[in-house]
Amino acid sequence: MREITFASAFAEAVHEEMDRDPTIFVLGTDIRIRGGHFGQLKDIGQTFGPKRVVDSPISEAAMVGLSLGAAMTGLRPICDLNFEDFYLGAMDEVVNQIAKVRYKFNGQFKCPLVIRASSGAARATGPQHSQMLEAWFAHVPGLIVVAPSTAEDAKGMLKTALRGEDPVIFSFHKMLGNMKGPVPDGDYTTPFGQANIVKPGTDVTIAAYSIMVPKSLQAARELEKEGISAEVVDLRTIVPLDVNTVAESVKKTKRLVIAHEAYKFGGMGAEIAAQIGEAVFDYLDAPIVRVGSKHAAIPVSPVLQEQITPGKAEVVAAVQSVMEGVVRV
Amino acid sequence: MREITFASAFAEAVHEEMDRDPTIFVLGTDIRIRGGHFGQLKDIGQTFGPKRVVDSPISEAAMVGLSLGAAMTGLRPICDLNFEDFYLGAMDEVVNQIAKVRYKFNGQFKCPLVIRASSGAARATGPQHSQMLEAWFAHVPGLIVVAPSTAEDAKGMLKTALRGEDPVIFSFHKMLGNMKGPVPDGDYTTPFGQANIVKPGTDVTIAAYSIMVPKSLQAARELEKEGISAEVVDLRTIVPLDVNTVAESVKKTKRLVIAHEAYKFGGMGAEIAAQIGEAVFDYLDAPIVRVGSKHAAIPVSPVLQEQITPGKAEVVAAVQSVMEGVVRV
Amino acid sequence: MSKANYYLQTPRKHEVTSFDRELVLGFLKEMVRIREFESRAEEQTLAGNVVGGIHLAIGHEAVAVGVMQALRREDYVTGPHRGHHLVLAKGSDMKNVMAELLGKATGISGGRGGSMHMADAETGLLGVNGIVGASIVIATGAAFSAKYLGQDRVAVAFFGDGGSNKGQFHESLNMASILDLPAIYVCENNEFAVETAVSYSTGVDNIAERGSSYRMPGIIVDGLDVLDVYVAAKEARQRAVQDSRPTLIEAKTYRFKGHSIGDKEDYRTKEEVQERMKSDPIFKLKHRLEEAGWLSEQQWNELKSEVDREVETAVQFALNSPLPSAATALHHVYAKEMF
Amino acid sequence: MSKANYYLQTPRKHEVTSFDRELVLGFLKEMVRIREFESRAEEQTLAGNVVGGIHLAIGHEAVAVGVMQALRREDYVTGPHRGHHLVLAKGSDMKNVMAELLGKATGISGGRGGSMHMADAETGLLGVNGIVGASIVIATGAAFSAKYLGQDRVAVAFFGDGGSNKGQFHESLNMASILDLPAIYVCENNEFAVETAVSYSTGVDNIAERGSSYRMPGIIVDGLDVLDVYVAAKEARQRAVQDSRPTLIEAKTYRFKGHSIGDKEDYRTKEEVQERMKSDPIFKLKHRLEEAGWLSEQQWNELKSEVDREVETAVQFALNSPLPSAATALHHVYAKEMF
Ligand SMILES: Cc1ncc(C[n+]2csc(CCOP(=O)(O)OP(=O)(O)O)c2C)c(N)n1
Ligand SMILES: Cc1ncc(C[n+]2csc(CCOP(=O)(O)OP(=O)(O)O)c2C)c(N)n1
Ligand SMILES: [Mg+2]
Ligand SMILES: [Mg+2]
């Protein structure tokens, strides 16, 4: 299979879907020429022109609100918010409006749109350009939340989003953008709510999503050398959340580590741990351990950032601790 | 001890602290004459006048942003946001600015302010006037999050907030406002980060906060009749979170139910369950069960609302299920 | 991009006889329908039958009717928390509107939304809204959609004087201006946001002047004169569909009732309200029609009793309708049930 | 409440000799300091020593210097992502500013903030900010504080043309107007927000005209002429402290460099930039001083080498400073460590 980057796979999906469906348009800051801050949609503007690729003023509330009004009236917006941190200027639109519009009006309106933003920390992205808010969105009924980790899923899940009927929050981790992976030729979609076992193993389950999937795979390879066989589950979507696949894996391995880059405190890891604790309580041989960022804003200094955000080492340590049955993290 | 309402106790604290400290001011919509939507600060405007009790235009971002700028330069704002749902128009100010200002500037500035809002569902408050966002705020380093359940704590914790150096999110549940409770005479403060065992018991621990404390106490009384002795822990603050008191209780009771009105999915119950699962894994005789709202916006219809938000019955059912060791909720 | 310039226009007086008689009689009837609906809604609230608080639009009738009559059915409308008049004027069945207030299954939003969350896919009503400012952004998107799809359609956002101080107002009007959207922004300036006077909250003499920040005409209309509203809205609709340019209309009106039922109204005097009620928009139009010889007492009585029958039918319908089924509580969260 | 009316003022030309000579020579030096700092910051970025992206203010020097020189040290300032010039002009030690760009422990924010998060409690700099629009709300609060405490102090918010389309702009300027705050809002209109031209993004001819929505003077200044900026800022400060009224200043400038380092700048031509650089604010002031006989070649050379020494010292200081200690990563989240 051909290998392309996560970002290219994402852009391919936009291209193909815009070709297919004339009601899809893109709204974003600096999107028409530059293709967005990271060039994530380079060439889209040239291909589809200013009617369908619309440069926005810096007005996040209006961007998201416009997308809602458009989605209620027959269009399918892709709203590119640039950095995930910029959602914070449009939260009323996302939470009080988009998430609720179908429900509160008793199903009279749907809201098929995608909001994309670059999430997570890259080198020195600092306190206001590094956040991961998926746990927030998961706590809001009405939103679909996806956080793929591979080029294949980026493309397939965006297509699913653009053919679905619900609002989708697409978390695009900055550090995944340039990662390459195999992507099938031709049209395909990736279903929501199906976790993926990306590496089988027998001793411990590592459940992760987004950037922590490749980091967990690195950790698993390192653990292999120590004789520990880790099964790595890529959750892929946060809402819907496929806890079953994790539970089945845990029934086999008896141990679970959950890894995400968002803050550990109040993060999705807690929800997964709580659900697994309920679902397969009797199978667990050790407490579930969570890996996530420590509780501080993301500092610019790489020395400090490394202390706050988790990497391969933290996953390895967490696995070692559950293998010993002693919580060290 | 005299008995006064939660709302009066809150207002007493504002009165006394404003008397004590001239740098405290209140900013809110319809606050000067009416004392806020629920009259929660009635008479404050008359007592302290328009310099210190400032009516605001409907401009939540500027209200919170103004409070931040004022707090950085020597004042202690009490920003009254009316309904917790209205935070959504000021999230950038709360999360990207207030929560981070001390950290990102390396401790050069502090941000001592309180934001109060009415949270939770009352009869027919509907999709945009019923939210509880404490799990969101807990997921943001830099914020203190308090959700008292008694008049005594409302007063004592507001005083602690107004004498502290950190930004405090004060969750004031609508249904608590008129509940009466004993309040000591004279000046006192209630510490943050200390849960309170409001009813001792031996068979099961119920950890709750805000409105779910009185509901859990009702549940405990009902369970008493079935011969089940529940220990009810009022967490009081969400950040800092006193997991130790819960853990100690669980060591004794071996069973835990966590109850909050916020959505179960992605709520604070997950964090508490995950931490208890790590801390006292070997003591647990049954899976931890969480009680929280079901995953839908809060409908106006009371018939429907009752299906979504939890009450005494859901707590009773959850306790019964952990007593049987079978999860039914 | 065409850049129509800002200009400020002040209220105009139109001869009632310069309009079609049936049209104006229709305006009157629509206004009376709203007034009677609101009176019964108040009565039902005091009787304890309404779920949740409601905000009466008594005093706002001419704004809703004047604008909606200038629109076509396919045009989109959004509104704020105070919106019964908008829902009715846009054409929803009064029975379902009343049923919604009572939280019934037959309500326009199935009882899920209540007074502040009514929408009607049939009439292009994209919803009134519990959040101040939200109506403004959503209509902007609908206007975008109409233009994108090449439809002869406009989108109208209603909002209050208080709403004009939200950031969404600024972002939306700027967006509509630079994207040349067929949008109409109608500020119902009733001089108060709850207890807060517009003269205190709003740093400009006329909200319509804010059009100048967006190269958008600022049209002040007498919101108690349905004819002035109607003509301005017609012109704005024309500007929207022909030039694809937005308009800001400020309708100066007055809230004859409290902010919501139970409001003690200690921010204004009874005398002030009495004085202002002399300009009752229904009374004024009725008077003009009578003067023009276009409305006899008998016609008025017929109109009234027709409306009374409709409203009574709506109240009975609402009272007799079933409550929503508890089993449906988790429907419509997503396209397919997920939780 | 005093309600100073809106008026629009256009750029004014001032004779350089109508100012104090030392003052104007000081302006020149401050501007050169910024320019040289920025050049070295660019060099350090290309050398890989800077942590994170930076936004150079080359072309914006006259705005920062003109405004700051009109302020007192105790006045508050906030700024946006593009802010090195503001930090330096407000009086922070250049060494700590450069060290911050390099993410060092000696940086003005201890390496936690980097280019977009510099603040200085000593100079009243309440921070530049990574979020467009945030500077505007925060300064509004500082102005509130100054007035509340009865201090002879003003607060100044800097922001870009792009920032003027954020909701925060609207909410803040309205708030400052109705509360009569001693605030100055300075829009550095450099014609672009990243690739997006102000003529596309902003539905008004001059951002200063938006003052009319808030009964606030809208003052357009030539942002490449430090004297025009200085006089307008002095007047605005006076209006703030004497009348307690806010001012909106739009400084028309131009960004001589890319949005951030690495910007391909395919949204404008090289020729356009060359043409605009003929109005270099430093070059222009130097020329006027020379014409007035107030600046000899020798004086210029001395000034330049003084600045060069300072900047070189700053670079060496930054390069030789230690990195933050990993052990401090969880400090300053709360007043006391909690997690
Ligand atoms: C964002 C937001 N802030 C505050 C409120 C609470 N609130 C509801 S109505 C209202 C006053 C609105 O005034 P205005 O816009 O003038 O409309 P009116 O009620 O006068 O029709 C307020 C403050 C809200 N619903 N949404
Ligand atoms: C709320 C928000 N939206 C978007 C961005 C991304 N961003 C950073 S700078 C910038 C352009 C700002 O333009 P302008 O305000 O004119 O300032 P300039 O860069 O020209 O100095 C953008 C879009 C941001 N930082 N914050
Ligand atoms: Mg009003
Ligand atoms: Mg700019």
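We name chains A, B, ... by the order of the sequence lines, and we start the count at 1 in each one.
Side-chain atoms of A:Arg52 and C:Tyr148, non-hydrogen and from C-beta on, do get closer than 4.5 Å to each other. Using a 4.5 Å heavy-atom cutoff, the side chains of A:Phe105 and C:Leu126 are not in contact. For the pair A:Val54 and C:Leu179, the minimum side-chain heavy-atom distance is below 4.5 Å. A:Glu93 places none of its side-chain heavy atoms less than 4.5 Å from the side chain of C:Ile138. Looking at heavy atoms from C-beta onward, A:Leu75 lies in side-chain contact with C:Phe144 at the 4.5 angstrom threshold. Two residues are said to be in side-chain contact when any heavy atoms from C-beta on lie closer than 4.5 Å; C:Lys336 and A:Glu165 fail this criterion. Side chains of A:Thr73 and C:Arg153 form no contact here, defined as non-hydrogen atoms less than 4.5 Å apart. Annotation: side chain of C:Ser109 is not in contact with side chain of A:Lys104 (no heavy-atom distance under 4.5 Å).
Nearest heavy atoms, C:Ala119 versus A:Phe109: CB-CE1, 3.7 Å. When all heavy atoms of C:Ser172 and A:Ala62 are compared, the closest pair comes out as N-CB, 4.1 Å.
Considering only heavy-atom pairs separated by less than 4.5 Å from chain C, the leading option among A:Lys51, A:Met63, A:Met72 is A:Lys51. Per-residue heavy-atom pair counts under 4.5 Å with chain C were compared for A:Pro22, A:Ala61, A:Ser67, and the maximum is reached by A:Ala61. The candidate from C:Thr78, C:Ile131, C:Thr140 with the greatest count of non-hydrogen atom pairs under 4.5 Å with chain A is C:Ile131. Comparing C:Gly113, C:Ala142, C:Gly167 by heavy-atom pairs within less than 4.5 Å of chain A, the highest count is held by C:Ala142.
When the side-chain contact (heavy atoms from CB on, under 4.5 Å) test is applied to A:Ala195, the partners found at least two apart in sequence or on another chain are A:Val233, A:Leu235, A:Asp242, A:Thr245.
Atoms CD1 and CD, on A:Ile58 and C:Glu171 in that order, are 10.0 Å from each other to the nearest 0.5 Å. Atoms NE2 and NZ, on C:His332 and A:Lys110 in that order, are 14.0 Å from each other to the nearest 0.5 Å. The distance from the OG atom of A:Ser56 to the CE atom of C:Met175 is 3.5 Å, given to the nearest 0.5 Å.
For A:Asp166 (side chain) and C:Tyr334 (main-chain N/O), no donor-acceptor pair under 3.5 Å exists by modelled atom type.
Proximity to chain A is absent for every atom of C:Leu173, based on heavy atoms less than 4.5 angstrom apart. Both the backbone and the side chain of C:Ala121 come within contact range of chain A, each with at least one heavy atom under 4.5 Å from a heavy atom of that chain. Contact of A:Ile144 with chain C is made through backbone and side chain together, with heavy-atom distances under 4.5 Å. Looking at C:Asp120, both its backbone and its side chain come within 4.5 Å of chain A, counting heavy atoms on both sides.
Checked against A:Asn106 for a side-chain contact (heavy atoms from CB on, under 4.5 Å), the options C:Glu100, C:His331, C:Arg112, C:His117 give a single hit: C:Arg112.
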Might you work through the side-chain hydrogen bond (donor to acceptor under 3.5 Å, both in side chains) test for A:Gln108 and C:Glu122, ending with a clear yes or no?
CA-CA 9 Å; A:Gln108 284 186 83; C:Glu122 299 285 303; over 6 Å; no

Criterion side-chain hydrogen bond (donor to acceptor under 3.5 Å, both in side chains) on A:Gln97 and C:Asn129, from CA distance to verdict:
CA-CA 9 Å; A:Gln97 312 304 334; C:Asn129 211 298; 2.7 Å; yes

